[in-house]
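We count ligands from 1, going down the list as the structure has it; atoms in each ligand are counted the same way.
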Amino acid sequence: MSIPFVEPFRIKVVEAIKQTTREERLKILAAAHNNLFNVAAEDVFLDFLTDSGTNAMSDRQWSAMMQGDESYAGSQSFEHFQEAVREIMGFPHVLPTHQGRGAEGMLFKTLVASGQYVPNNRHFDTTQANLAILGANPVDLAVPEASDPNLLLPFKGNMDLEKLEKFIFETKPENIPLGMLTITNNSAAGQPVSMENIKATSELYHRYGILFFIDACRFAENAWFIKNREPGYTDRSIREIVLEMFSYADGCTMSAKKDAIVNIGGFIACRDEDLKFKIAQNLIVHEGFITYGGLAGRDLEAVAVGLHEGIAEDYLAYREQHTHYLAEVLKKAGMHVYQPSGGHAVYVDAAQTLPHISPLAFPGVALANMLYVEGGVRTVEIGSLMFSHKDIATGEEIPADNELVRFAIPRRVYTRSHLDYVGEVAREVVKNASSVNGLRITWAPEFLRHFMAQLEWKKS
Ligand code: F0G
């Protein structure tokens, strides 16, 4: 059979989405100061802004929610949640948080002091900001291949081990309270990290007495890539691979809004009970008591079921093929797609698609805005609006490594014809690409500016 993929589920509930006209969208975008984060969701036809919390839950998850135990302390729902984390990830201790950034915040507040350093293959924006707010320094050490959108390699999310060792040696382990690794590497086009690299990163951190935490948001997709791309893993089950990945770590932070296929939730899991109690002090002040951490009992039930559904092999096979199909559709439309496509998203290289726009005039924002204008498709820039930084010595603005536009795919939400529609919109954008200008910022906050920045189109 030559069908590109088939959904391993059928649709039981539907949600209407509204189409607007091109003229209406031009007005909506202008009123949103040319920042798609400011556009109301009802004015978006297909929303690829994020795969986070935008998932369709299953009938089993919804029915588990009806059994949520809303007790303040020691709820049954917490027990179910803890059981799922223990079984799937192998960590004995878990603290729920309202979402991933809550987990990062609590972990860093407990372990990291001002002036210290935390390495990662690449920190996501909230991870970076959670460290910056403490006066600490996030350090990105991904392999150089991660920044090359045209290289077709299996594990471009890997940590650069040589750079990491040099960094630890120069910075000194006592200034590094913990080291991280993000699987898959969202800020590097959703590229996976190999088992070999997870193991070697762990050995390196541990050799220098540094705690090792995994940013686990998309752990199931990472495991799927290991199964399909790494020698020696083809015949291993996803469950075994997941357990092995986490066996190398002292703990993890998790946004359940991704691979646990829910709409809200997160957690910190770890091996050390003393560390759990230390984090718990902060958790109780900022998130909630240790058995709910800012979530309702029903949310914990949904995560417990979702963790199992997120590692189902038929689901993961569909998930990879679905994402790959969107990459092919965009390529056929003439967009420069980052190679290979990631697990949760397709990344288009805006620098190649709009070569006439310089990085600090935000080609990614221009491209994302045009996708919205042409077809009501919302994506997100992952480029210099999100990640440029000031050179400490000169104060000069340094662009991000890449100017990408991310099409993040909500789990179990869009069908193949939705993806074909995106292809038609992309074709229209490519046709008009040379007449699109860059943008300039008219207002932006100090941290995480991309969320709220206001921009205007340049005249030429
Ligand atoms: N770590 C990574 C790798 C992420 O991608 C995210 C969120 C977080 C941590 C924070 O989790 O949103 O639950 O607080 N990424 C979303 C995205 C927002 O669109 O990629 P959160």
Side-chain angles (χ1 to χ4, degrees), residues 36-37 41 44 47-55 95-109 118-133 138 140 142 146 157 159 178 180-193 198 213-222 245 249 251-269 286-287 293-295 299 302-303 306-307 310 323 342-347 364 368 378-383 385-387 404-411 413 447-448 450-452:
L36 291 169
F37 278 103
V44 174
D47 206 344
F48 296 93
L49 185 67
T50 179
D51 63 319
S52 181
T54 51
N55 308 303
L95 294 166
T97 59
H98 76 282
Q99 61 183 87
R101 66 201 70 183
E104 294 155 15
M106 295 305 100
L107 180 70
F108 297 160
K109 231 178 179 12
V118 176
N120 202 332
N121 43 356
R122 259 189 214 167
H123 292 272
F124 192 62
D125 57 0
T126 57
T127 333
Q128 217 174 51
N130 260 312
L131 288 167
I133 266 171
D140 290 346
M159 177 75 90
L178 83 152
M180 297 201 67
L181 186 67
T182 303
I183 61 171
T184 57
N185 192 351
N186 186 20
S187 308
Q191 298 298 302
V193 179
I198 296 174
F213 269 70
I214 290 180
D215 179 336
C217 301
R218 301 178 180 89
F219 74 96
E221 290 169 4
N222 201 85
M245 289 186 326
C252 75
T253 55
M254 173 76 186
S255 168
K257 299 170 74 173
K258 281 85 168 175
D259 276 359
I261 324 187
V262 291
N263 304 123
I264 194 71
F267 56 86
I268 307 165
H286 296 282
E287 295 277 309
L295 295 172
D299 299 325
V303 174
L307 278 170
T323 306
H344 69 296
V346 178
Y347 294 68
R378 178 156 68 173
T379 53
V380 66
E381 185 248 23
I382 300 200
L385 183 62
M386 194 181 272
F387 283 124
L404 302 175
V405 169
R406 183 184 74 169
F407 294 71
I409 309 178
R411 291 166 186 77
V413 170
F447 287 113
L448 299 173
H450 52 286
F451 287 123
M452 290 191 289

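- Contact residues of ligand 1 (protein heavy atom closer than 4.0 angstrom to a ligand atom; sorted by chain and number): Thr50, Ser52, Gln99, Gly100, Arg101, Glu104, Phe124, Thr126, Thr182, Asn186, Asp215, Cys217, Arg218, Ser255, Lys257, Lys258, Arg406.
- Among all heavy-atom pairs drawn from Arg122 and Ala146, the shortest one is NH2-CB, 4.1 Å.
- Scored by the ring pair (Phe, Tyr, Trp, His ring centres under 6.0 Å) test, Phe267 finds Phe81 as partners (sequence neighbours excluded).
- Residues that satisfy the ring pair (Phe, Tyr, Trp, His ring centres under 6.0 Å) test with Phe219, not counting sequence neighbours, are Phe246.
- Under the rule for a ring pair (Phe, Tyr, Trp, His ring centres under 6.0 Å), the partners of Phe48 that lie at least two apart in sequence or sit in another chain are Tyr414.
- Inspection of the Asp215 and His123 side chains reveals no N or O donor paired with an N or O acceptor under 3.5 Å.
- Salt bridge Asp51/Arg411: present, at least one basic N to carboxylate O contact under 4.0 Å.
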